[in-house]
Amino acid sequence: MAAQLLNGLTEGMMLFLIASGLTLIFGITRIVNFAHGSLYMLGAFLAYHLMPMLGGSTVASFASAVLLSAILVGLLGLVFEVLILRRIYGADDLLQLIITLALVLILRDVVKAIWGANDISVPMPASLSGALQIGGTFLPLFQIVAFAVGLVVITLMVSIMRFTRAGVLLRAATDDRGMVALLGINQAWIFSSVFAVGCFLAGLAGALAAPFGNVNYLLDTNIIVMAFVVVVIGGLGSLSGALIAALSVGMVKGLGVIYFPRLSTVLIFLIMAAVLVIRSLGRGAISK
Amino acid sequence: MSFEHVQSRWLFAAVSLGLAVAMLMLGPGIALLATEVAIMALFASSLGFLINYGGMVSFGHAAYFGLGAYGFALAAAKLGLPLWLAVVLGPLTAALGAVLFGALCVRLTHIYFAMLTLACSEIVFTVLFQAYDYTGGDNGLTNFMAPRFGLSPQIYAALTVAIVALCIAFLARIVRSPLGLAIQAVGEEPHRAAALGFSPRLVQLVACVIAGTLAGIAGTMYSVFQGNAFPDYAGVGITIDALVMVVIGGVKGFYGGVFGAIIYVLLKTFVSRAFTHWELVIGLILIAVVLIFPTGIAGLLQKLGLSRTARPSGEQHP
Amino acid sequence: MKLKRGGLLLATLLAVGVTTGPVQAQDPIRIGYAADMSGACGSLVDGATKAFRLGVEELNAAGGLLGRKIEVIERDTKTKPDEGAKEVRDLIVNSKVELITGVCSSAVLLAETAVSAELKVPFYSAIGNSQTATIEKGQPYFWQTNPNVLMESIAVAEYVAANKAWKKIAPLAYDYEWGHTSVKAFSEHLKKLRPDIEILPMVPVKLGETNMTSYITAVLAQKPDLVYGAIFGGGLVNLVKQGKAFGFFQQTSLVTLTTVDFLQTMGGELPEAGLHGFARAPFTSLLDNPKVKSFVQSYKARHGKDPDDWAVLAYDGLMFYAEVVKAAKSTKADDVVKALPTVKYEGLRGSMTVRGLDGQMSAPSFVGAVIKDAAYPFSIMKGATRVDASKTLTPEDFIKSARAAAK
Amino acid sequence: MSREPILVARNVTKQYGGFVALGGVDLTLQPGERRALIGPNGAGKSTFIAVLGGQQAVGPGSTVHFAGRDISGALPQEIARLGIARTFQINRVFRRLSVLDNVRTALLPSNGRVFSVSERHLTALTSPAMTMVTGLGLGRVAHDAAETLSLGDRKRLEFGMVLATRPKVLLLDEPTAGMGLNERRSLMELMVEHAARDQITLLFVEHDIDIVFRFADRITVMSRGKIFAEGTPAEIGANSAVQDIYLGTEGAPS
Amino acid sequence: MMKIRQLHAAYGRIEALHGVDLDVGEGEVVCLVGRNGVGKTSTMRAIVQELIQVTKGTVEFDGASVVGVPSHDIIKRGIGYVPEDRRAFASLTVAENLRVVRKGAGNGQWTVDGVYALFPHLAEGRKRLAGVLSGGEQQMLSIARSLLTNPRLLLLDEPNEGLAPKIIDEIIAAILKLKQERVSMLVSEQSLRTIRACGDRVVVIDRGASVFHGTAAEFLGNPEIARQYLMVSGH
């Protein structure tokens, strides 16, 4: 059981990496970005494509491929925001939803056209392929690295939000987008940069996780569902909530495999439903 | 859709009847397509009703479509009930599901409402997928009946069009009834409605049950049409299709779902037959539609003065 | 953007509702290829489609069938049963196809076979399989040219039983009908062969799961000698890659579905030892057949890579149909069905027939250790055992009683 | 006044996080009186109205009695059905419905027709609703969507909707905010006239001192979540402490 | 400094302004007077291009047109805007609210310390969340925040609305102080307090158009105008 919990914790941090960008984008722009999983998938494919060009499966080339993929995905997000999303802010929420759904369709097909429909395996850098043994438990080095990256991401994001002017601006824009402009700040760029950073995080998570598993064009749907579950459980827009939710979901999943194996598929949805229902028990639910 | 004037009621009846009769004269291929369009039109309209009148955006509407299909198919295939009874049980199952899920979901609003409906429909999907001893799992339920009760595509198309027209007339009637006003009132200003003595959650629950039952009717008709039932019918893909239909049809009334279904079903069918990379094409078309006609097809018709079903749109800041 | 062959928007629009006259001898033979090109099965269908197109070209180059050219109309079922049924219905009603094939997903297969039965148009599956479609819901116009899950599981049980070092077996399977059926058939047959073997409780895996680590730790905690993995595709890639990090292959062994596409995906990343696989048509085990050699050559020349199992199966399925048509001297449904059990087919996988009762081809399965081979950039099932259908085919009386029970 | 009070609030408290919005408010309303609730911004006036209307839950130890019944903790709709109606500071009408339909909707709960699907039941409400609409001076725009109305007309409409519930107590949260001075007075006159006709007790929050002194029987002054003073307009006008916290140096009307 | 001629503006299709003329000179305090709903707020919004579209007419600032210029650029050119509803960032502290504005914006002399000196109240509560401030404190915060953009022209929309007279005195004191610092201001008002206290000139708006231009003395000396357009009853 300790093994499952420990493993769940590291798995949870990978979930957090996936969810962080989604919750960031929602928190500031109120956009429910259904394309988040697709951007994750794109990050993974880009890492696959870039690693050989950057020197093969060494840690250095992997690290630079991850960073470069994340940046490219972030740039794509920026372009998408500037060219398309920006035109429909303030329109019906459903329109934004449809636009991001369209992006899902487009990215899926583009990935298929470039890299084919077959599964792809990104080679694991040799020095990351081992495992730490704690007691009788194996902890793959790779998950530990992902855990560390997750910690760095959350620390950076929290510090930026709390202590930098950029963070203050972001929170101000969350409160009242229009007023930010009336203080001489080009709010369009706040949204663009938040969207780009959110996409960067999606690309980062995808590229980082690429060597750890399979990469194919179906990754988008599998990832987006998990990302939403985590973000919803943590409270939409809340970074710390997403962290707690991701770690808890990881651990509950680990325990679920042992204690209620047949629920494995439905478990996360049961948790999400339960969290939402419990949250609604207060009287003020309609005042949200 | 306003039915305040008697003649518009007659007009609707005449158009529906005309459409149903027209079905009988089509080739079998186009009749099959028309049937699919009609069923999806009902499904999208029920979602449009929930969104535009009830103020509730659901990401899990497929749950009721799936329950309608499985309620019917299980009754016919596993319980061996006569088809006429199974056909009634389908929508009834969906209605029961809507009571249960609705009671949970109406406690929440906005995106949280949407997410809980998504969770509910995923739970339905998973149960259908995993309880294969009863539901056939991913293999679904097949071969338990002749598709369309063995009717010819044309006759079934006529039947479907007639039933869908009746359901839409029912929706239109609801909208113009006391209940419809209550649903719109709660959908728009729940606090104001509560302070007038409405129980917002109860009214919303009733709206969910109406929409769920109509979605269940669509699901049952689809199951009869296909002669099968698969867990996919409760999958998020069907919900997304319906959301797209509601949006491209025009988001300010349930009738937008009808336009949306016609366009989207035909678009998806023909684009996926014509292009290898059909998802890319559909994606680009969707973006173009949203950017060019943000008010959907209904909004476009309104702008061109072709539709008098005007409901002023747009947010107004006090 | 490439327009799909034979599927122009305009042509389709024109074809809708237009009825054509009776089929003339010089008219092409229209085949409806309704495949799961997008959605969950898309990654498997790719090689199959390439091989199918290759086979059609070869047949047409040789003058077609019965002097008629073959014309293929491709449709995407999106791996959705209702879409599959819809496309097949449209292909039959509007495009007047005389044969349906291409399916991969068993759910889509079941939806399509019902349409084939209703409209009495021949339908075969070369890469998808479903024992439900041949046994409980068997219908005269359907046949299946690859082994079903029962046959495969029995073949693996035979292989596992022969290794006396394996005493504790842990099943790890996708949590849906296919996974459970596979584990059940495997366990039952293995118990018959080796009553001493202990079969541990199955660990069910969520379909579409990207992180398998919880399952890996759970199954390793049971300390099995061998894990029977009813897992395929992307999930299997995850299992092996993440398993390696946990020292999975040092602690136990795995036997699972290792088709060539999976081996190609993994490249040099598979463990040196501890992985055993079963497959349906690994070309590496068939190269003593000259037909296979030439097929692999022309496939590789065209697509730059070796054909996977699905490609071999798709090509074999098409060529079998060609033989049946030749024997029947007709493409009419009833003639084809009548000729079906009479054809002794010499294909890529050797000599096979289709049984009249259930339309199941006597297709072999292949089981063996997966090892590296200098001749290929990926590990292969070198020296895999060919388990003949005679050992695995479901007995006829079992089918009859199952059908009686279903009624 | 020896009559039974219609509304009695005792020790009403309300906290948001650490911020004390209401720190134990007591208030008693006699049937038929017109009470103004005044005080500087942030005094807790709107919160108090929200507690009485059920929009906000009360803190522990607080009780609200209406016509002898304990309504603390009741839901807004329960309170509304008992006979306490309210308007909102930010005008809330059903923007997409016509003026007539807004009033017909408001008539539904008291007629027990909320869940009816019969058009006849709706038609039956047309004539009383139309009478109400005309009485509010909105006859011209009866069939227009409420969102096309001017602010003043929307305020009239909301008042009409509230009247349609046949309330015994009416809570008005800044009824005249955002309106022109002459419009303010005519709206207030309309409200007071209807209230008098239907014997409705009024509790209104208002900033416009002129309106307060002209229309209130009694005035309650709140400050920092507490009742600061209470009395007739004359008493409050003469209360120098009140002038200090609220009226400043030149606020009292001549 | 600012010159508005025949300004027409609309919310969507609903026209709110039809013909406003308005000038603000260097260091001047101009009071925009009129009943509620006559177009004072709309005029302010039209200047900074917030929520409303200019359909006709000109708005020139420092000799250059600002029509069609994005809001944030207008602010950068030196116009500060304090909206009627204050719009403090509720979930930010007072200090953070001030930090939103880019340091040294507009190259002017206002600093955070400077605005704290102007409103000592704010300095005391710099760590409090703006959402829990009183209306008066929020008003001060909103003015302070806008000052940090170092405007040469400050638009104050109903700075006294809804505030207790005591607070109003403080706000007016601040406006006077700003006037000494030679900040030009356009202040909308319903009462006569600001005009009396510090107005140089008065422009009366009625039904979306400017109907009176004059000095404060001219306006105050002619009660007929006030009666006609402000309807200050009885007095």
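Chain naming here is simple, since letters A, B, ... match the order of the sequence lines and numbering starts at 1 in each.
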Taking B:Gln130 for its side chain and C:Asp175 for its backbone only, find out whether a donor-acceptor pair lies under 3.5 Å. yes
Is the backbone of B:Asn143 close enough, under 3.5 Å, to the side chain of C:Lys137 for a donor and an acceptor to pair up by distance? no
Ignoring hydrogens and geometry beyond distance, is a side-chain donor-acceptor pair present between C:Trp178 and B:Asp138 at under 3.5 Å? no
Under the side chain to side chain contact (heavy atoms under 4.5 Å, CB included) test, which residues partner B:Ser45, sequence neighbours left out? B:Ile168, B:Leu171, B:Phe254, B:Val258
Taken in chain and number order and not counting sequence neighbours, the residues that satisfy side chain to side chain contact (heavy atoms under 4.5 Å, CB included) with B:Ala114 are B:Phe59
Plane angle bin for B:Phe129 and C:Tyr176 - parallel if under 30°, tilted between 30 and 60°, otherwise perpendicular: parallel
Among C:Glu136, C:Lys80, C:Glu83, C:Lys78, single out the residue with the greatest number of heavy-atom pairs under 4.5 Å to chain B. C:Lys78
Could you tell me whether the side chain of C:Arg89 reaches within less than 4.5 Å of the side chain of B:Leu32, counting heavy atoms only? yes
Which residue pairs pass the side chain to side chain donor-acceptor pair (under 3.5 Å) test when at least one of the two sits in residues 224-235 of chain B, sequence neighbours left out? B:Tyr222-B:Gln226, B:Asn228-B:Tyr233
In terms of heavy-atom pairs under 4.5 Å with chain C, which of B:Pro147, B:Gly227, B:Gly137, B:Gly140 leads? B:Pro147
Let me see the working for B:Phe225 and C:Lys86 under side chain to side chain contact (heavy atoms under 4.5 Å, CB included), right down to the final yes or no. CA-CA 10 Å; B:Phe225 174 52; C:Lys86 168 182 160 184; over 6 Å; no
Checking heavy atoms, do the side chain of C:Thr181, its backbone, both or neither come under 4.5 Å from chain B? neither
Shortest non-hydrogen contact from C:Val93 to B:Pro28? CG1-CG, 3.5 Å
Would B:Arg273 and C:Glu74 count as a salt bridge (charged side-chain N to carboxylate O under 4.0 Å, His left out) if you check the C-alpha gap in whole Å, the side-chain angles of each, and the deciding distance to 0.1 Å? CA-CA 8 Å; B:Arg273 283 177 191 171; C:Glu74 292 184 6; over 6 Å; no
Interface moiety of B:Leu26 toward chain C, non-hydrogen atoms closer than 4.5 Å: neither
So if I take each residue of residues 99-127 of chain C and look for any heavy atom under 4.5 Å from a heavy atom in chain B, which residues do I end up with? C:Ser106, C:Ala107, C:Leu110, C:Ala111, C:Ala114, C:Glu118
